[in-house]
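Taking it in order: structure first as structure tokens, then the write-up.
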Amino acid sequence: MLPTEPPHLFEMFDLGMMHYFFDIRVVQSSDGIFISQKKYVEDILDWFQLKGCNPVNTPVECGLKLHKDHVGKKVDNTLYKQIVGSLMYLNATRLDIIYSVSLISRHMENPIELHLLVAKRIIYYLQGTRDFRIFYKKGVKSNLLDLLTVVL
């Protein structure tokens, strides 16, 4: 037998402009939308006790190749996986670190000291670029080159 009464209605409320969405800061204006994860970067610096580290200009050294070298000193798998996971979550708004995070994520099984140093270098880079954000301009179709432009 089919119900004869209409489905229940739900009340909706306008909560205003969105400010945060899964640790992503959203700033809306008449020109477009800025998104950033500055607070999350600061949390990463805190979690891994690197808040006072010196920033570097690039997330990875040019031409660096990481190998599954079993000769190096092994490091704590859990710590390494936590760093890589935290950096992977940043890929949503930090397109400038995607390549370097993909390099270190390949070595989560047996990380050595060199892999950990490269992972920490990415965090050092974030220290100096925590204010980077992405701007989506209103009314303009974006292409890949537009998305790769990181705005200060």
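These values consider heavy atoms only, across backbone and side chains, with no hydrogens, waters or symmetry-generated copies. From a predicted model like this one, the values you see are computed outputs, not experimental measurements.
For Q28, the side-chain contact (heavy atoms from CB on, under 4.5 Å) partners two or more places apart in sequence, or in a different chain, are M17, M18, V26, I33. A search for salt bridge (charged side-chain N to carboxylate O under 4.0 Å, His left out) contacts involving D43 returns K39, not counting sequence neighbours. Residues satisfying the salt bridge (charged side-chain N to carboxylate O under 4.0 Å, His left out) test with E42, not counting sequence neighbours, are R130.
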Go through the steps to decide whether I44 and I123 satisfy the test side-chain contact (heavy atoms from CB on, under 4.5 Å), and finish with yes or no. CA-CA 8 Å; I44 288 174; I123 298 175; 4.2 Å; yes
Pair N110, K74 - check side-chain contact (heavy atoms from CB on, under 4.5 Å), show working. CA-CA 7 Å; N110 293 311; K74 303 253 186 236; 4.0 Å; yes
CA sep, side-chain torsions, deciding dist, call: I35, F21, side-chain contact (heavy atoms from CB on, under 4.5 Å): CA-CA 10 Å; I35 61 171; F21 182 76; over 6 Å; no
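A perpendicular orientation is assigned to the rings of Y89 and Y40, their planes being inclined by more than 60° (bins at 30° and 60°).
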Return a table of donor-acceptor pairs under 3.5 angstrom between the side chains of residues 46-55 and protein atoms on other chains or two or more places apart.
none

Do any side-chain atoms of residues 77-84 form donor-acceptor pairs under 3.5 angstrom with protein atoms, and if so which ones, sequence neighbours left out?
unit_1: N77; atom_1: ND2; unit_2: E109; atom_2: O; d: 3.4
unit_1: Y80; atom_1: OH; unit_2: I104; atom_2: O; d: 2.7

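The backbone N or O of V41 sits nowhere less than 3.5 Å from a side-chain atom of R94 that would complete a donor-acceptor pair. Checked by atom type and distance alone, the side chain of R121 pairs as donor or acceptor with a backbone atom of T58 at under 3.5 Å.
Summarising the geometry of V101 relative to L87, their closest heavy-atom pair is CG2-CB, 3.8 Å, with the distance given to 0.1 Å. Of all non-hydrogen atoms in A92 and I24, the two that sit nearest each other are CB-CD1, 4.3 Å. Counting all heavy atoms, side chain and backbone alike, S100 lies closest to V60 at CB-CB, 3.9 Å. Closest non-hydrogen pair, I97 versus P59, comes out as CG2-CB, 4.3 Å. Contact between D96 and F132 at its shortest, heavy atoms only, is OD2-CD2, 3.6 Å.
Taking hydrophobic clusters as Ile, Leu, Val, Met, Phe, Trp and Tyr residues chained together by side-chain heavy-atom distances below 4.5 Å, M108 shares a cluster with L116.
Interatomic distance, OG of S29 versus CZ of F135, reported as 5.5 Å (0.5 Å rounding).
Between the side chains of N57 and Y125, no donor-acceptor pair is found at a separation under 3.5 Å.
Residues in residues 19-30 take part in no salt bridge (Lys or Arg N to Asp or Glu O under 4.0 Å) pair, two or more places apart or across chains.
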